[in-house]
2 protein chains.
Amino acid sequence: MGRWEPNARGRLEEAALALFAERGFEQVTVAEIAGRAGLTERTFYRHFADKREVLFPDSSPLVTGFAAAIEAAPPAAEPMATVAEVLGTVAEFFTGRHAYSRQRTAVIAANAELREREAVKLAWLVDTLAAGLRRRGVAEPAASLAAEAGVAVFKVAHAQWVAEPEPRDLGELMRRALIELKSLTGAG
Amino acid sequence: MGRWEPNARGRLEEAALALFAERGFEQVTVAEIAGRAGLTERTFYRHFADKREVLFPDSSPLVTGFAAAIEAAPPAAEPMATVAEVLGTVAEFFTGRHAYSRQRTAVIAANAELREREAVKLAWLVDTLAAGLRRRGVAEPAASLAAEAGVAVFKVAHAQWVAEPEPRDLGELMRRALIELKSLTGAG
DNA sequence: CGGTTGATGTCAGGCACTGACATCACGCCG
DNA sequence: CGGCGTGATGTCAGTGCCTGACATCAACCG
């Protein structure tokens, strides 16, 4: 046995999500989160840069998987084919997490500060995807546009996915959204 | 003469941008901004919800013009044609503001909190544009996807526009970005 | 067995932000 | 003309987020 209970970070994440779901983000202090996890406020800030970050761990499957998916995607002449490949990989990270995703999304939607952090994480996905495409030889502004389009498809499909109480096939929703986008831009 | 100097809000905006450009966002306190404008910290918070908001006024040409442009756009069968129309109107709001836009963009790029606020304002543009398209009979998820695509084009073109010391034609950059996006999605 | 390491605790403090109340020129109304 | 409401601002006290500096102490290592 160690000197402290294990997995302090995970305990803080759990305590925070539970308290936020109960009372709302603003009605919970960092000291309360830490107390519920058996720690102090100061220790909370050794694990997370700020109060919001506890809901957006860099270790999340989405963040870690995203960058890896870009490198792992097979070479393709068409940027959007690579984007579609990455989206398919990303969809897998959400399987079995539908209930959790719904609760987390509800907490975030209820608070402006959290929506702000969510927006910046999505922007990070755009930048990461664009950088990956550039590394594969895609020029600007095509790389940025393809990345924006890909994340837009992800956002729309994910919103549809969490909107329903029963999980549908996220990969299928993404494929359909991508087809819809192609239809929209192709018709002009 | 009034009891107070006029245009307190404008003075606060000017003082803030100047101080942020000099020393960086974090190295400036709200009390300093207010002092430079001849006011107190408390009064600052009567004009702006928080320290960041002084750089993102709701009264900005972009924000006020965007919503109006959607309603003013002529009816069109194709969602992306409406989006293109709105982008054209938006481009006009930036004419003559190139130097100001460059300074403001540099200040924002230098700070994570400000990038966060910027991201949420862009998300607001997406939502506003999508709502406008729905009001014109465009169904989901086409409305959201078209809105995302439109704001993506705006972001990429605006980034190109402020990247160069001499102003180019923002409307032209947007048209080219839109064509590039169509080429990307159409080729898949 | 003594020294080092690393996660945690303790303490003090700055700054963002807010509620409550005071101030006082201006303009309206009698 | 004079009282009186209005509204922008000032003053003050307080909460909570976040940080730096230093202390603690089990586990590990040589």
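Naming: A, B, ... by sequence-line order, numbering from 1 per chain. Side chains are part of it too, since the values below use all heavy atoms of this structure and drop only hydrogens, waters and symmetry mates.
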What is the separation between atom CG on A:D50 and atom C1' on D:dC18, rounded to the nearest whole Å? 9 Å
What is the separation between atom CD on A:E116 and atom P on D:dC17, rounded to the nearest whole Å? 16 Å
Out of D:dG20, C:dC21, C:dC17, whichever nucleotide has its closest atom nearest the side chain of A:R42: D:dG20
From CD of A:E113 over to P of D:dC18, roughly how many Å is that when rounded to an integer? 8 Å
B:H47 or A:A31: which one's nearest nucleotide on DNA chain D is closer to the 5' end? B:H47
Any non-hydrogen side-chain atom of A:E78 less than 4.5 Å from a side-chain atom of A:T82? no
Using whole Å, what does the distance between atom C1' of nucleotide D:dC17 and atom CD of A:Q27 come to? 15 Å
Contact under 4.0 Å: B:T43 side-chain N or O vs D:dG10 OP1/OP2: yes
Separation of atom CZ in A:F48 from atom P in C:dA7, rounded to whole Å: 14 Å
Fit a plane to each ring of B:F94 and B:W161, take the angle between them on a 0 to 90° scale, and name the class: parallel (under 30°), tilted (30 to 60°) or perpendicular (over 60°). perpendicular
Could you walk me through whether A:E116 and A:R52 pass side chain to side chain contact (heavy atoms under 4.5 Å, CB included), step by step? CA-CA 10 Å; A:E116 215 163 333; A:R52 288 174 272 172; 4.3 Å; yes
Verify the contact: side-chain N or O of A:Y45 to OP1 or OP2 of D:dC18, cut-off strictly under 4.0 Å; return yes or no. yes
Euclidean distance, atom CZ of residue B:F44 to atom P of C:dA16 [Å, nearest integer]: 9 Å
Residue pair B:F20 / B:K51, side-chain heavy-atom distance below 4.5 Å: yes
Is there a donor and acceptor pair, one atom on the side chain of B:R46 and one on the base of D:dG10, closer than 3.5 Å? yes
Under-4.0 Å side-chain N/O to phosphate OP1/OP2 contact, A:T40 with C:dT8: no
Whole angstrom is fine here: how far is it from CD in A:E41 over to P in C:dT10? 12 Å
To the nearest Å, give me how far apart CD (A:E26) and P (C:dG19) are. 11 Å
Are A:E140 and B:Q160 close enough, and set up right, to give a side chain to side chain contact (heavy atoms under 4.5 Å, CB included), and what steps lead you there? CA-CA 10 Å; A:E140 286 292 0; B:Q160 292 180 311; over 6 Å; no
Side chain of A:A8, heavy atoms from C-beta onward: which of C:dC17, D:dC17, C:dT8 has the nearest atom to it? C:dT8
